[in-house]
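Written out below as structure tokens is the structure these notes cover.
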Amino acid sequence: MQKRCDKNRKRSKRRAIYCPIHGCHLDSVSQKYTLYTEKPEELQKRGINRQSALMLVASQTAVPLVGEWLEAFWCPHCQQTKWYYVKKLDNRKFEISPAPTALWQQAIGVKSTQGNPSVGEFTLRHSRMNRYQGIKDFIFIG
């Protein structure tokens, strides 16, 4: 039986996402990176029949996977941020597992860890520089 205060609560509740190792509540520390697929086999694994899967891939090229994404969470028990593959099961139920490397290839909006090959070393180094360090490669003569 629900308490009266729970029943009348109008604010949204926290997502029920718990650490698979410690069982404590996880706090999100990143945006959701939605996943997509280009293979009809992946859609068939998710319950779409073969014909529909082939039609979707042929018409859209990359099909977004609804209810699946990558997200970083903070675990208060081990004091670490970890990336998880999140799958929404029901309205308030989620299944999480550590994000495998292969899923990063399917994520939308994730920056490549290798970087853009067309960007030079000088530009890459300066883009990573902290703005308080100053500019070391330019010397101004006054």
Side-chain angles (χ1 to χ4, degrees), residues 1-140:
M1 178 145 175
Q2 285 184 327
K3 291 181 185 177
R4 183 178 172 148
C5 59
D6 291 338
K7 206 165 51 170
N8 292 335
R9 184 180 169 136
K10 299 292 184 218
R11 283 180 278 148
S12 61
K13 295 180 176 79
R14 290 171 81 179
R15 289 185 293 168
I17 299 178
Y18 299 98
C19 179
I21 301 163
H22 307 108
C24 56
H25 188 274
L26 294 175
D27 294 314
S28 176
V29 291
S30 76
Q31 69 184 47
K32 294 177 183 178
Y33 289 100
T34 55
L35 301 173
Y36 70 94
T37 186
E38 298 171 339
K39 300 176 185 169
E41 298 83 31
E42 291 289 325
L43 294 172
Q44 285 179 276
K45 287 180 190 175
R46 287 160 175 84
I48 297 176
N49 66 37
R50 188 176 188 282
Q51 182 90 17
S52 298
L54 289 169
M55 293 294 285
L56 274 170
V57 170
S59 66
Q60 294 184 12
T61 320
V63 181
L65 299 174
V66 180
E68 298 180 33
W69 63 88
L70 295 176
E71 191 172 356
F73 292 98
W74 171 259
C75 177
H77 187 61
C78 58
Q79 299 287 306
Q80 285 185 331
T81 298
K82 294 181 184 174
W83 284 91
Y84 289 101
Y85 164 59
V86 183
K87 197 175 196 179
K88 188 172 185 173
L89 302 175
D90 285 336
N91 191 19
R92 304 269 313 141
K93 294 189 181 182
F94 301 90
E95 177 185 300
I96 68 166
S97 59
T101 311
L103 278 181
W104 289 100
Q105 304 291 323
Q106 295 180 303
I108 296 173
V110 176
K111 294 177 184 169
S112 173
T113 55
Q114 283 80 32
N116 187 344
S118 66
V119 174
E121 184 181 329
F122 176 85
T123 307
L124 186 63
R125 187 173 66 240
H126 281 275
S127 70
R128 290 182 178 157
M129 249 188 188
N130 187 339
R131 64 180 161 166
Y132 300 110
Q133 287 177 333
I135 300 173
K136 296 176 184 175
D137 289 335
F138 296 106
I139 300 173
F140 296 104

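Scope of the values below: all heavy atoms of this structure, side chains included, with no hydrogens, waters or symmetry mates. All values reported here derive from a predicted model rather than from experimental measurement.
Residues Leu26 and Cys19 share a closest heavy-atom pair of CG-N, 3.6 Å. Across Ala72 and Ser30, no two heavy atoms sit closer than the pair N-OG, 2.9 Å. The two residues Tyr18 and Ile96 have their closest heavy-atom pair at O-CD1, 3.3 Å. Between Pro40 and Ala53, the shortest heavy-atom contact is O-CB, 3.7 Å.
Residue Ser59 holds its OG atom at 11.0 Å from CG of Leu54, rounded to the nearest 0.5 Å.
For the salt bridge (charged side-chain N to carboxylate O under 4.0 Å, His left out) test, residues two or more places apart in sequence or in another chain that qualify with Glu71 are Arg15. With sequence neighbours left out, Asn49 forms a side-chain contact (heavy atoms from CB on, under 4.5 Å) with Gln51, Ser52. Judged as a side-chain contact (heavy atoms from CB on, under 4.5 Å), and not counting sequence neighbours, the contacts of Leu56 are Leu43, Ile48, Gln60, Val63. Residues that satisfy the salt bridge (charged side-chain N to carboxylate O under 4.0 Å, His left out) test with Lys39, not counting sequence neighbours, are absent from this structure.
Taking 4.5 Å as the limit, every side-chain heavy atom of Ser97 sits out of range of all side-chain heavy atoms of Pro20. Looking only at side-chain heavy atoms (C-beta outward), Arg92 and Asp90 stay at 4.5 Å or farther from each other.
The pair Glu42-Arg46 meets the salt-bridge criterion, since a charged nitrogen lies less than 4.0 angstrom from a carboxylate oxygen.
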Can you list, pair by pair, the side-chain donor-acceptor contacts under 3.5 Å of residues 82-89, counting residues two or more places apart and other chains?
| from | atom 1 | to | atom 2 | distance (Å) |
| --- | --- | --- | --- | --- |
| Tyr85 | OH | Glu68 | OE1 | 2.6 |

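Applying the ring-ring contact (aromatic ring centres under 6.0 Å, His included) rule to pairs touching residues 61-81 yields His22-His77, sequence neighbours excluded.
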